[in-house]
Amino acid sequence: MLIMLGAVGLTRPVLAATPDFTISANPSRVTIPLGYWAETMLTLTSLNGFEGTIQLDAPVGSSTGLAGAGFSTGMTLGPNGSVSTDLELTPGEIPGNYSLNVTATIGSVSHYLMIPITVSPVSGPDFTTRLWGSYATLQGWNIMIREQEQFVSLGGFTGQVGITATVTPNVPDAPSFSFQPSTVDLSTNTAASYTTTVSTARTTPVGSYIVTITASSGTMSHDYRAIMMVGDYRPQGEQPGPANTTTTSNGQPSTSSATNILSPFSNASSALSTLQSFWWVQIIIGLSVATLVAYRRRLPLKEQ
C-alpha cells in the first residue's frame, strides 16, 4: 500500500470591504450656559468608497434639554472623503443632563450618534461668543464680517479676551483669519463686537476648511468652530461676502450648502458645487442675519 504524505494549503477567503461611513462630534460632550448657546462640529467620513447625499436629523424638545439645533443641509459625502457641519445648539429653560440623538442617513445606511448635553446656570465669571455657521469666499479675496460677531460677558466677567484662529487642513496658501481688535475688552454683563477679516490668495486651494477660533483670558480658554468655503476666483465686482448656511430643526429661517472638507482636495469640485455661482448669496446674507439674530441673544444684552 502506498501512502502519500504532503502538506495541505488552506486559503482564507478574501472578504470584500463593505462601503460604509462614520459620524463623530468634536467636542463629543457639550455644556451650554443656560440662556445662551454652544456648538459642536459633526464630521462624516467615507469608508471603502462610500458616497451619497447626507440626511441629518437632530430632534429637540424637553427630553433633550434643547430648544433648537442648527446644521447645514444638502451635503454630499464623496468616496473616501469627509464632510463636516457645525451643529449649533440653543438650550431650553430647565438645567440638567440630557442626550441629543443625531441620525445620519445616506441611502439605505443610517448611523446614530448620542451627544451628552449639560445645560447649567452660569455659576461664575466667564465669556462666550458665537460664530457664523459657515463663511464663503473666493480665491484672491478679502472679506470683512462686521458687527455680526461679538463676545458676551457671563456671570459678571470683566477683562480682556484675546482672539486667534487656526485653519485645517494646514496647506500652503490656506485661508487666513485676522481680527480687529484682536483683544476685546468686556465689561460686566455686556457684549463687545469685533470684525473678522478672511483673506485668500489666488493660489488658495478650492474647497472647504474648518476654522477654530480660540478665545483666551488668563487661565480661561474656549474654542469655537465654523466651516470656511473657498470657491474659484472671480473679479471683485462679483464679491459675494460672507454667508451663514446654518439651518435649524425647529423652524427658524434657513439656507443650505454643501460643506465637504478637503481630503486632500479630492472632493473639491463636489464640495463647492453650490459655490460655482454666487448670484444667490445676497439672499443668503439676508436670511443668515435673521437666523443669527434669532439665535445670538436670548437675553437682552447691551453692546459695548
For the atom pair CD1 (Ile227) and CG (Asp86), what is the distance rounded to the nearest 0.5 Å?
7.0 Å
Using the rule that two of Ile, Leu, Val, Met, Phe, Trp, Tyr join whenever any of their side-chain heavy atoms come within less than 4.5 Å, decide whether Val109 and Ile54 are in one cluster.
yes
Nearest-0.5 Å distance, CG of residue Asp57 to CZ of residue Phe71
6.5 Å
Mind checking the OG1-CZ spacing from Thr158 to Phe127? Nearest 0.5 Å is all I need.
12.5 Å
Step by step, work out the ring-ring contact (aromatic ring centres under 6.0 Å, His included) result for Tyr135 and Tyr209.
CA-CA 10 Å; Tyr135 303 85; Tyr209 303 77; over 10 Å; no
I need the full list of side-chain hydrogen bond (donor to acceptor under 3.5 Å, both in side chains) pairs touching residues 170-180, with sequence neighbours left out, sorted by first then second residue.
Asp173-Thr203
Quick one: are Thr188 and Phe157 in side-chain contact, heavy atoms under 4.5 Å?
no
When you compare the side chain of Thr43 with that of Asn26, does any pair of heavy atoms fall below 4.5 Å?
no
Test side chain to side chain contact (heavy atoms under 4.5 Å, CB included) on Thr90 and Leu66 and set out the steps.
CA-CA 6 Å; Thr90 302; Leu66 299 173; over 6 Å; no
Under 3.5 Å donor-acceptor, Thr64 side chain and Gly61 backbone:
yes
So which atom in Thr204 and which in Pro175 form the shortest heavy-atom distance, rounded to 0.1 Å?
CG2-CD, 3.9 Å
Heavy-atom pair of closest approach, residues Gly68 and Val60:
C-CG1, 4.0 Å
Are the side chains of Pro181 and Tyr194 in contact, using a 4.5 Å heavy-atom criterion?
yes
Non-hydrogen side-chain atoms of Arg225 and Pro27 separated by less than 4.5 Å
yes
Side chain proximity check, Thr128 to Phe151, heavy atoms < 4.5 angstrom
no
Does Leu138 offer a backbone N or O that forms a donor-acceptor pair with the side chain of Thr200 under 3.5 Å?
yes
Trp141 side chain vs Val198 backbone, donor-acceptor pair below 3.5 Å
no
With rounding to the nearest 0.5 angstrom, report the CD to OG distance, Gln160 to Ser217.
8.0 Å
Give, for atom OG1 of Thr190 and atom CD of Gln150, the distance between the pair rounded to the nearest 0.5 Å.
9.5 Å
Side chain to side chain contact (heavy atoms under 4.5 Å, CB included) evaluation trace for Glu93 with Val119:
CA-CA 9 Å; Glu93 304 294 335; Val119 178; over 6 Å; no
Please name the pair of heavy atoms, one in Ser199 and one in Asn142, separated by the smallest distance, quoted to 0.1 Å.
OG-OD1, 2.8 Å
Solution key, residues 110-118 side-chain donor-acceptor pairs under 3.5 Å, sequence neighbours excluded:
{"from": "Ser110", "atom 1": "OG", "to": "Thr105", "atom 2": "OG1", "distance (Å)": "2.8"}
{"from": "His111", "atom 1": "NE2", "to": "Asp20", "atom 2": "OD1", "distance (Å)": "2.7"}
{"from": "His111", "atom 1": "NE2", "to": "Phe21", "atom 2": "O", "distance (Å)": "3.1"}
{"from": "Thr118", "atom 1": "OG1", "to": "Asn97", "atom 2": "OD1", "distance (Å)": "3.0"}

Is the shortest side-chain heavy-atom distance between Val102 and Ile23 below 4.5 Å?
yes
Which atoms form the tightest heavy-atom contact between Glu39 and Asp223, and what is the distance?
OE2-O, 3.8 Å
Tell me, please, which residues at least two apart from Pro95 pass side-chain contact (heavy atoms from CB on, under 4.5 Å).
Leu34, Pro121
With rounding to the nearest 0.5 angstrom, report the CG to OG1 distance, Leu89 to Thr40.
7.5 Å
Using side-chain heavy atoms (C-beta onward) and a distance below 4.5 Å, is Asp126 in contact with Pro33?
no
Sub-3.5 Å donor-acceptor pair from the side chain of Ser153 to the main-chain atoms of Asn189, do we have one?
yes
Take Phe177 and Thr196, measure what side chain to side chain contact (heavy atoms under 4.5 Å, CB included) needs, and give me the verdict at the end.
CA-CA 7 Å; Phe177 282 67; Thr196 301; 3.7 Å; yes
Compare every heavy atom of Ser208 with every heavy atom of Met229, then report the nearest pair and how far apart it is.
CG-OG, 3.4 Å
According to a hydrophobic-cluster definition based on side-chain heavy atoms being under 4.5 Å apart (Ile, Leu, Val, Met, Phe, Trp, Tyr only), do Met220 and Ile213 belong together?
yes
Check: Val184 and Ile163 side chains under 4.5 Å, non-hydrogen atoms
yes
I'd like to know if the side chain of Thr85 reaches the main chain of Ser72, judged simply by a donor and an acceptor atom lying under 3.5 Å from each other, with no hydrogens or angles considered.
yes
Which heavy atom of Pro205 sits nearest a heavy atom of Pro172, and at what distance?
CD-O, 3.7 Å
Has Gln139 got a side-chain atom pairing as donor or acceptor with Val230's backbone, closer than 3.5 angstrom?
no
With side chain to side chain contact (heavy atoms under 4.5 Å, CB included) as the criterion, how do Ile210 and Ser84 come out once you've worked through the C-alpha distance, each side chain's angles and the decisive distance to 0.1 Å?
CA-CA 8 Å; Ile210 294 177; Ser84 294; 3.8 Å; yes
